[in-house]
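To start, the structure under review is shown below, and the notes come after it.
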Amino acid sequence: MCGIVGYVGNNAVKDVLLEGLQRLEYRGYDSSGMAFVGAHQTQVYRACGKLDNLRKILENAHTESSFQGIGHIRWATHGAATESNAHPHRSTDGKISLVHNGIIENYQALKEELQAQGFCFQSQTDTETAVYLIEREYQKYQSLEKAVIAAVQYLKGAFAFCIMHQDEPDKIIAVRKNAPLVIGLGKNGNMVASDIPALIGFVDRIVYLQDNEFAVLHQKDVSFYDFDGHSLLKSPEPLALEAEQISKGHYAHYMLKEIHEQPDILRRLLSFYMPDGQNICLNGIDAKKMLRNIEQIEIVACGTSYNAGLAAKNVIEKLTDIPVRVEAASEYIYQKQLTNAQTLVLGISQSGETADTITALKQARLKNAQILVLTNREDSSIVQCADAILPLKAGIEVSVAATKSYTAQLVVLYLFAFKLAEVLGVANAETNYLKHALFELPVQMEQVLSAEKALEEVSALYASYSDFVFIGRGISYAGVLEGALKLKEISYINANAYMAGELKHGPIALIDENMPCVAILIKNSSTFDKIISNCEEIKARHGKLIGLVSDETYQNKLFDNLIRIPNVCEELSPLLTAPVLQLLAYHIALKLGREVDKPRNLAKSVTVE
Ligand code: AGP
């Protein structure tokens with residue numbers, strides 16, 4: 001969380017930083033700020049709330065004589081979202097300015113030490129300790145590089161910094177430890193950012209900074225060092241992404257665009273993992289070697305990625321008889337771990353930066369488990385924890401609410417399950433059927449998406465309700481968990497998912513005429529009739545019923561609103577119910593006037609535990 005950016009070059013610094021921060025807004029939007037080093041002074045601008053507030057302030061700022069600047073977008077951890085807690089933070093003499101992503105875990109002890117030495121703190125942030133530490137060390141060394149090297153030795157936790165000093169123009173120092181940072185090299189200057197999107201269009205080559213490294217950016221060149229000050233040789237790689245790949249196109253929101261990208265992503269995944277339409281190739285992994293001897297699988301992930309893992313458990317266990325445990329990474333870390341050398345741990349993370357998931361995988365590694373990571377960002381931190389990677393190939397997901405990455409995760413997990421069954425010699429007719437049925441899903445998904453108008457009309461009927469219940473059984477329980485998560489995170493409606501059979505053990509007490517209930521019913525599933533009964537029980541208590549039903553022959557006498565989805569087998573059904581629930585959530589949030597792409601309190605990359 002938080003995004004940082006720095007630029008030194010001859011383009012308009014303010015514009016480059018604003019554009020960069022806008023593309024990092026998915027990382028937080030509690031406040032933002034910038035610092036510019038000019039000929040005689042450092043100017044700092046900060047604003048609470050969305051980046052637009054800073055943009056307005058900057059309209060009257062004269063930064064034309066500045067060729068370097070740093071910027072920050074904040075997701076508050078230590079200290080409220082006030083202007084005094086906004087970055088950049090400055091040294092007491094005003095000459096050093098610094099932006100930070102991460103958490104300095106020992107900040108309290110450092111703060112007390114610095115206060116005893118006369119430093120007077122202006123904010124409640126952990127970051128301010130870093131800037132004063134550097135100031136203190138600068139007084140000794142009179143060199144920003146040396147001061148930074150000395151200061152980082154005191155810091156514990158996670159930090160990516162951009163640092164400038166008024167007396168050392170044409171220089172930004174970028175520092176990385178446990179927080180992502182990428183350096184961009186361009187013809188009109190050099191840049192640093194928390195993530196690639198901020199760099200697109202400004203630079204043509206990139207270098208990923210590794211932990212315990214820092215870079216010194218000048219307008220004409222960049223040099224790299226470790227925390228002991230040893231010089232490092234790095235080979236830049238081309239930045240292949242175009243600005244179009246991170247634009248909204250003709251869609252009103254990134255979320256809507258990303259929902260509609262799903263059928264093509266499915267096609268892309270199928271041709272990547274099954275190029276001949278028959279044989280599954282897991283990204284070059286020696287599947288026999290990796291999978292043949294596993295006795296159990298643990299899936300660790302958070303949020304939507306966890307929901308994808310829960311859906312996959314149903315399919316993996318059914319097809320392979322290998323027991324699968326699905327754990328929220330934040331819980332896994334603190335539980336007794338049954339992980340051993342015969343365990344395959346699947347880490348799932350769209351961003352590849354989720355701190356809980358990364359920590360869980362590091363712990364699993366200590367237990368000698370094999371680690372397979374599904375991620376949408378092959379350049380992310382999680383990759384370092386993995387024995388092998390299964391890319392999600394969904395393209396950059398900008399909207400904070402995960403949509404296309406969820407269905408991409410499902411597809412890759414299905415393919416993994418089929419391959420595992422083959423490697424273990426237990427693949428049967430059902431495995432084969434599912435493998436081939438997957439190829440029908442892109443067209444079926446397009447059918448679902450083409451009914452958006454009808455879904456919008458249903459959404460209009462329900463936008464005024466303040467609570468929702470979602471019910472499903474088996475794999476559809478994972479589906480409704482994801483549907484409820486989507487609704488609550490972007491509309492702020494209280495939405496809870498239940499296993500339909502559990503309803504009468506308590507949650508049914510919630511049902512009355514003010515409670516819409518969304519139910520998933522898949523034709524030929526063993527629980528179809530049972531869920532119909534559960535819905536009858538809801539109807540008897542005057543609940544409003546919205547049914548997602550895959551049976552075209554079903555004669556509706558029960559549901560207030562029936563949403564038909566194409567005929568699909570139960571195992572693959574989450575790929576069709578997900579877009580319906582995503583669109584329902586989207587249109588309800590829209591009716592309520594919510595900031596769909598940037599819901600309150602959330603950030604896309606949750607880089608703190
Ligand atoms: C989903 O819409 C949320 N943005 C959130 O639950 C997310 O899935 C979770 O934070 C995990 O992120 P990751 O996949 O990047 O690890």
Side-chain angles (χ1 to χ4, degrees), residues 1 3 25-29 75 179-180 194-195 197 253-256 258-259 262 299-312 326-333 345-362 373-383 385-386 389-410 412-413 478-493 495 497 578-579 581-586 589 594-609:
M1 352 240 329
E25 249 194 317
Y26 70 87
R27 303 177 72 88
Y29 23 82
W75 189 85
S194 299
D195 199 1
H253 295 96
Y254 281 105
M255 183 178 177
L256 191 60
E258 289 161 3
I259 289 172
Q262 293 176 105
I299 298 181
V300 288
C302 301
T304 291
S305 299
Y306 170 90
N307 293 340
L310 205 59
V326 188
E327 287 291 337
S330 54
E331 289 295 308
Y332 179 92
I333 295 167
V345 176
L346 287 178
I348 311 175
S349 175
Q350 185 285 130
S351 64
E353 300 294 345
T354 300
D356 286 321
T357 310
I358 291 175
T359 305
L361 294 185
K362 284 181 181 163
V373 161
L374 278 75
T375 183
N376 200 29
R377 300 299 302 270
E378 292 166 72
D379 52 0
S380 62
S381 308
I382 204 167
V383 171
C385 310
I389 298 292
L390 298 178
L392 299 175
K393 303 269 170 209
I396 288 181
E397 190 175 62
V398 178
S399 175
V400 166
T403 53
K404 60 178 181 174
S405 62
Y406 172 68
T407 45
Q409 287 165 350
L410 289 174
V412 176
L413 288 162
V480 290
L481 269 178
E482 176 57 12
L485 176 62
K486 282 295 84 84
L487 183 61
K488 73 184 116 186
E489 74 179 324
I490 62 166
S491 72
Y492 319 146
I493 290 174
L581 298 177
Q582 292 163 356
L583 284 172
L584 273 180
Y586 172 79
R594 306 296 190 225
E595 281 251 32
V596 172
D597 284 332
K598 288 178 268 183
R600 69 184 181 200
N601 303 340
L602 294 175
K604 189 146 188 78
S605 294
V606 184
T607 55
V608 293
E609 281 175 29

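Ligands are counted one by one from 1 in listed order, and the atoms in each one are counted from 1 as well.
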Would you say [X]'s side chain and [Y]'s backbone share a donor-acceptor pair under 3.5 angstrom?
X      : Y      : answer
Ser380 : Arg377 : yes
Tyr586 : Ile259 : no
Thr375 : Ser349 : yes
Gln582 : Lys486 : no
Asp597 : Tyr254 : yes
Glu258 : Ser399 : yes

Could you name the option among Thr375, Thr354, Asp356 that has the heavy atom nearest to atom 16 (O) of ligand 1? Thr354
Considering non-hydrogen atoms of the protein only, which is the closest contact for [atom], and what is the distance?
atom                    : answer
atom 10 (O) of ligand 1 : Val606 CG2, 3.9 Å
atom 8 (O) of ligand 1  : Thr304 N, 3.1 Å
atom 4 (N) of ligand 1  : Val400 O, 2.8 Å
atom 2 (O) of ligand 1  : Glu489 OE2, 2.4 Å
atom 6 (O) of ligand 1  : Gly303 CA, 3.2 Å
atom 9 (C) of ligand 1  : Cys302 O, 3.7 Å

Just distances here: any N/O of Ala402 and N/O of ligand 1 closer than 3.5 Å? yes
Give yes or no for whether the N/O distance cutoff of 3.5 Å, strictly under, is met between Lys486 and ligand 1.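 Checking ligand 1 against Lys486, an N or O pair does fall under 3.5 Å apart.
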Under a heavy-atom criterion of less than 4.0 Å, does Glu353 contact ligand 1?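 Outside the 4.0 Å threshold, so no.
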Salt bridge or not between Glu25 and Lys604? Use side-chain N to carboxylate O under 4.0 Å. no
Let me know which of Glu482, Gln409, Gln350 forms a side chain to side chain donor-acceptor pair (under 3.5 Å) with Thr304. Glu482
For [X], counting its heavy atoms only, list the atoms of ligand 1 lying under 4.0 Å from any of them.
X      : result
Ser349 : 13 (P), 14 (O), 15 (O), 16 (O)
Ala401 : 2 (O)
Ser305 : 8 (O), 13 (P), 14 (O)

Please name the pair of heavy atoms, one in Val606 and one in Ala603, separated by the smallest distance, quoted to 0.1 Å.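 Residues Val606 and Ala603, closest heavy atoms: CG2-O, 3.8 Å.
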